[in-house]
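Report on one structure; see the data block that follows.
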There are 2 protein chains.
Amino acid sequence: MINAIKLPQFEVIKQYVRGHIKSGHWPVGTRTPSENELSASFSVSRMTARRALQELAQEGLLTRAPGLGSFVAQPVAAQPTIQLYNIIALAQLEGAYSCQVLDLEQIPADAKLAHLLSFVVDQPVYRGTFVHFDRDKAVQWQEIFVNPVVAPAFLKQKFVKVAPDEYLEWIAPSDQVNSQVSAVLAKPSQRRALGLTEDTQSACLQVTRACKRHSSLVSFSTLVHPANLYQLGATS
Amino acid sequence: MINAIKLPQFEVIKQYVRGHIKSGHWPVGTRTPSENELSASFSVSRMTARRALQELAQEGLLTRAPGLGSFVAQPVAAQPTIQLYNIIALAQLEGAYSCQVLDLEQIPADAKLAHLLSFVVDQPVYRGTFVHFDRDKAVQWQEIFVNPVVAPAFLKQKFVKVAPDEYLEWIAPSDQVNSQVSAVLAKPSQRRALGLTEDTQSACLQVTRACKRHSSLVSFSTLVHPANLYQLGATS
DNA sequence: CAGTGGTCTAGACCACTGG
DNA sequence: CAGTGGTCTAGACCACTGG
């Protein structure tokens, strides 16, 4: 006996259909048996046969159309995606996170910031630069611009164990995050802050990130990671 | 009348539940009305009420457990992901793709390659290096190692308009792709191939990618992009 | 027209949970 | 024990598609 546990009937039908697709017996575009045909051949109610096809459609294996039938779908090219995992969150999980404040100030918005925030030029904006540590290793340099309307107390924070991102997520959880990844050479000030000395180490992964809430900008960050320390992984 | 089109009843219930969750009336952990309660209050069969809760659970808004009920789920932190879009595919769409072969040869597997391929050291492996162009702009340098068992004719290809990845995807579509992104300084040979001159341009995004099919390695690539030309974008 | 999938009903039996 | 969600049935009506 291969499988002693009793499979639900809809699962049996799913495996039947999946088997024909994966084995190549039903190439892309093939019409599968209809709900009625499956319910007849598996001695099952139409609702059960329907559930099988429905779930396979949801998994992307089938395309269904009223009046036409169910068809083997074009497999979508598995587009690899990268999880922009939060390095700081990881370090905090291990209890080894700390943060050093380099700057924390109020500045007048320049043209670019004003545009991002829908502000007027010279309207005050908060700015902070930080170095984040995992134990005694500097893993990330950050420059963040914060909307003072959303986080009026930002400048009064200590930011020792609580990262600025964490603080902002607490008082104004973002519902939209835009990120861009590129490669940069660390600037001298960034190299110093990150403790990079040799030239070969100064290639860095840079993430720029805009966090929005209710369509208005909460913060805009530039995050710089030494390339030799951190990579972004992706599967599938 | 706000909505003239008739909503299915399960959709009405979904919106009712969603509304209570989004408005904060039902905070995380709150038990929602049961299938029976919803079917009574909406004068609907249990299967219809069930469908509403089921779909909300699938969307991640609810957690359900037999014997216990349905509960408002902890919202998962929207983890931003990056689509590792295929630069070459984009260039090809615009009809401006071309490819230059730098090397195309058979080499004996070193220890690392042998390990990746489950080969014996010194077993032959194909290797190619390429520069990919979008119009007359070099956008990507690639080194690829190919499993000769899977793609025996790899070395005989021309690779002018058909990219090596495209060729391999054609003869052996991969079902698993692992990618790693990091930042590197372009090596002199890469700099030359990509036409990079100034030092500030030599920070590059590097993607290493292993494509597998039926659990065995098809190809292993190192892709290098000049950082000033291409960024990876992510939303949500 | 006969057939398709989409929605829906009013039942049923089940394993499971808490009190 | 009464209540929960998971599976399933045998019907129904609908809008839609093709021949």
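Chain naming here is simple, since letters A, B, ... match the order of the sequence lines and numbering starts at 1 in each.
- Protein atom CG of L7(A) is 17 Å distant from nucleotide atom P of dG6(D), rounded to whole Å.
- For S70(A) and dG5(C), the shortest distance from a side-chain N or O to OP1 or OP2 is below 4.0 Å.
- A sub-4.0 Å separation between OP1 or OP2 of dT4(D) and a side-chain N or O of R31(B) is present.
- Within the 6.0 Å centre-distance limit, the rings of F154(A) and F159(A) are counted as a close aromatic pair.
- For L68(A), whose side chain is taken as the heavy atoms from C-beta onward, the closest listed nucleotide among dT4(D), dT4(C), dG18(D) is dG18(D).
- In this structure, the separation between NE2 on H132(A) and NE2 on H225(A) is 8.5 Å, given to the nearest 0.5 Å.
- Minimum interatomic distance between A73(A) and G60(A) (heavy atoms only, all atoms of both residues): CB-O, 3.5 Å.
- Across the interface with DNA chain D, nearest-nucleotide mapping of P66(A) and F10(A) shows F10(A) to be the residue nearer the 5′ end.
- Between S174(B) and V177(B) the shortest heavy-atom distance is OG-CG2, 3.9 Å.
- Helical stems involving DNA chain C, defined as 3 or more consecutive Watson-Crick or G-U pairs under 3.5 Å, span C:3-16 with D:3-16.
- For P8(A), taking side-chain heavy atoms from C-beta onward, the closest of the listed nucleotides dT7(D), dT9(D), dG6(C) is dT7(D).
- Nearest heavy atom pair, residue V150(A) against residue I171(A), reads O-CD1, 3.9 Å.
- A straight line from CD of E11(A) to C1' of dT7(D) spans 12 Å, rounded to a whole angstrom.
- Atom-to-atom, NZ of K14(B) to P of dC8(C) comes out at 12 Å; the value is rounded to the nearest Å.
- Residue S34(B) has a polar side-chain atom (N or O) positioned under 4.0 Å from OP1 or OP2 of dT4(D).
- When the side-chain nitrogen and oxygen atoms of R46(B) are compared with OP1 and OP2 of dA10(C), none of them lie within a distance under 4.0 Å.
- Going from atom CD of Q54(B) over to atom C1' of dT7(D) covers 11 Å, rounded to whole Å.
- When the options I21(B), I13(B), L61(B) are evaluated for a side chain to side chain contact (heavy atoms under 4.5 Å, CB included) with L56(B), the one that passes is L61(B).
- For the pair R64(A) CZ and dT7(C) C1', the computed distance is 12 Å after rounding to whole Å.
- The nearest whole Å value for the distance from the CG atom in L38(B) to the P atom in dT9(C) is 13 Å.
- Not counting sequence neighbours, the partners of S23(B) by the side chain to side chain donor-acceptor pair (under 3.5 Å) test are H25(B).
- M47(A) has its CE atom 13 Å from the P atom of dA10(D), to the nearest Å.
- Checking dT9(D), dT9(C), dG5(C) against the side-chain heavy atoms of E35(A) singles out dG5(C) as nearest.
- Under 4.0 angstrom from either OP1 or OP2 of dT4(D) there lies at least one side-chain N or O belonging to N36(B).
- For Q9(A) and dG6(D), the CD to C1' distance is 13 Å, given to the nearest whole Å.
- A sub-4.0 Å separation between OP1 or OP2 of dT9(D) and a side-chain N or O of T48(A) is present.
- Within the 4.0 Å cut-off from OP1 or OP2 of dG6(C), at least one side-chain nitrogen or oxygen of R50(A) is found.
- Salt-bridge check for R18(A) with E55(A): failed, with every basic side-chain N at 4.0 Å or more from each acidic carboxylate O.
- For dT7(D), the OP1/OP2 oxygens have a side-chain nitrogen or oxygen of R51(A) closer than 4.0 Å.
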